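Reading through the structure tokens given below for one structure.
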Amino acid sequence: MTISDNNTIVIFGASGDLTYRKLIPALYHLYASNQLSDSFSILGVSRTQYDDESYREKMKHSLQEMEETDPEILAKFCEHLHYQALNTSEVQDYALLVEKLDFLAEKYQLEQQNTLFYLATPPSLYGVIPSCLAAHGLNEESNGWKRLIIEKPFGYDLASALSLGKEIHQHFEEHQIYRIDHYLGKETVQNLLVLRFSNVMFEPLWNRNFIEYVEITGSEFLGVEERGGYYDGSGAMRDMFQNHLLQVLAMVGMESPSAINADAMRDEIAKVLQSLQPISDDDLRNNLVLGQYTESEVRGKFLPSYRDEHGVADDSRTETYVGLKMFINNWRWNGVPFYVRTGKRLPTRVTEVVVHFKKTPHPAFAANAPENKLVIRIQPDEGIQMRFGLKEPGSGFKVKDVSMDFHYQSLTETTMLTAYERLLLDALNGDATLFARSDAVNACWKFVQPILDFKQDPQSLFGYACGTWGPKEADQLLERDNRAWRFPCKNLTDTDYCEL
């Protein structure tokens, strides 16, 4: 267990959905498992008028409604909760924050005011809050470290990402900025690195000489739910592809870091993202599929079309599905296609990487040998499956496709940290390994910018029924190469038949 420094965690947007659904539960679990210092406090900040006691009651009831809690531990945890109402857009109001932080430092006997600022706010405040903090000296590290966590999206496009980065860097150094992507907090995403670099049997094969192609799937069964207003200005490209899936691709494709630390790891991730083959006009026409879900009946339930969702424009051309064939232009991956897809209202919720190895060149087995595949399941049913050929019993040498699998839950009897728990603990301990760095963020935006520009083309959007695996045009991305998408089930190993 890692116990963080004595500190104060300041959550801007403390009355919002992210705070009570994710952040407060994550901090409660860290406290309950003795992974927070005794001298810590959580200070909620927003415009809503609460005092310490009323905010504690709200968070206490939220925790009790969402999960089982230990009454004694919960009561002690809530004693560490505090609140300050202020207008986060008004710089003069931050004098109240300074006063409250001084009070907490005295109450918890903090020799240094180590402070983590979490921006659980609309992106429009990502530049405003750091400026206001700096105006009151709350970015200075002479009396303890000061760190800033920013939720995605890190910009809306390349220009806004560069502008936001410049704005924040006027007040906070890069080492103080933690851009959080909860996908990178998942154990199985991190396990990609361990699988590759701790096992000598994989590294010699992990290149263009032995790998035919790679699939990355990020599938969601749910639609936009109550987020139609936000999603209609974002789409699958910004919401999932540009950040989550490109980060997963980078971990699949990166070189071995010289050390397991933030700088070395993020150097290699940035190199992969900067090596992505730029999207050409030909790619936009032939290697990109954008889709939008239409109404359908799934499992006896009627599901509306995207345009009928609350908050979505009747004539919206926002994509809810992205399929792309792309390449990494470096020595290891030159010529190996990466097929990446993500979408809403697909048959099931699943994120996985499938590495397809080349078939054997042996003439006696080439005709009927199965394709070797390594399936890395990120969620759900986290695990790894290897598929390979073995001889069927009997005469002759007929080859049968078999598999070996490992389920991540069998590795430990203890409860694994959730993504937010892991990332909050890392930020408190100053470990930025799993947080996005500005050069990697900018490389992602640079890569997808031609697609964002292309989305305005009225011919670029295809429909697909809810409960299907996306537009038929996405299947054609692989069919042209005599390949097909793997259709995953909820269960890692049940690939032949699965009732979704």
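This is a predicted model, so every value here is computed, not measured.
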Check: Taking NZ, NE, NH1 and NH2 as the nitrogens, is one of them in Glu220 or Arg349 under 4.0 Å from a carboxylate oxygen of the other?
Finding: no
Straight-line distance of [X] [atom1] to [Y] [atom2], nearest 0.5 Å:
X	Y	atom1	atom2	answer
Ile451	Gln242	CD1	CD	10.5 Å
Asn442	Gln274	CG	CD	9.5 Å
Ile168	Leu119	CD1	CG	7.5 Å

Determine yes or no for a side-chain-to-main-chain donor-acceptor pair under 3.5 angstrom, with [X] supplying the side chain and [Y] the backbone.
X	Y	result
Gln292	Ser316	yes
Thr320	Tyr293	yes
Arg345	Ala465	no
Ser219	Pro347	no
Asp431	Thr433	yes
Thr294	Tyr464	yes

Next item on the list: For the pair Thr348 and Trp469, evaluate side chain to side chain contact (heavy atoms under 4.5 Å, CB included) and give the outcome as yes or no after the intermediate values.
Entry: CA-CA 9 Å; Thr348 192; Trp469 282 104; 4.1 Å; yes
Next item on the list: Using side-chain contact (heavy atoms from CB on, under 4.5 Å) as the criterion, point out the one residue from Leu148, Ile9, Ile149 that pairs with Phe117.
Entry: Leu148
Please check if any side-chain donor atom of [X] sits under 3.5 Å from a side-chain acceptor atom of [Y], or the reverse.
X	Y	answer
Asp426	Tyr178	no
Asp239	Ser234	no
Asn329	Ser275	no
Thr69	Gln64	no

Notebook entry, point to check: Aromatic rings His356 and Tyr213: how do their planes relate, parallel, tilted or perpendicular, breaks at 30° and 60°?
Noted result: parallel
Check: Which word best sums up how the rings of His80 and Tyr31 line up, parallel for under 30°, tilted for 30 to 60°, or perpendicular for over 60°?
Finding: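 Taking Tyr31 first and then His80, their aromatic rings sit tilted (interplane angle of 30° to 60°).
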Item checked: Counterpart residues, salt bridge (Lys or Arg N to Asp or Glu O under 4.0 Å), relative to Glu215 (two or more places apart) -> none
Note to self: Against the six-membered ring of Tyr156, is Arg238 placed for a cation-pi contact (under 6.0 Å from the centre, within 45° of the normal)?
What the structure shows: yes
Notebook entry, point to check: Regarding Lys58 and the six-membered ring of Tyr20, is the cationic atom NZ or CZ under 6.0 Å from the ring centre and inside 45° of its axis?
Noted result: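 Yes, Lys58 lies over the aromatic ring of Tyr20.
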Checklist line | Side chains of Arg486 and Val375 in contact at under 4.5 Å (non-hydrogen atoms) | finding: yes
Note to self: Once side chain to side chain donor-acceptor pair (under 3.5 Å) is applied, do any residues pair with Arg480, and if so which ones, sequence neighbours excluded?
What the structure shows: none
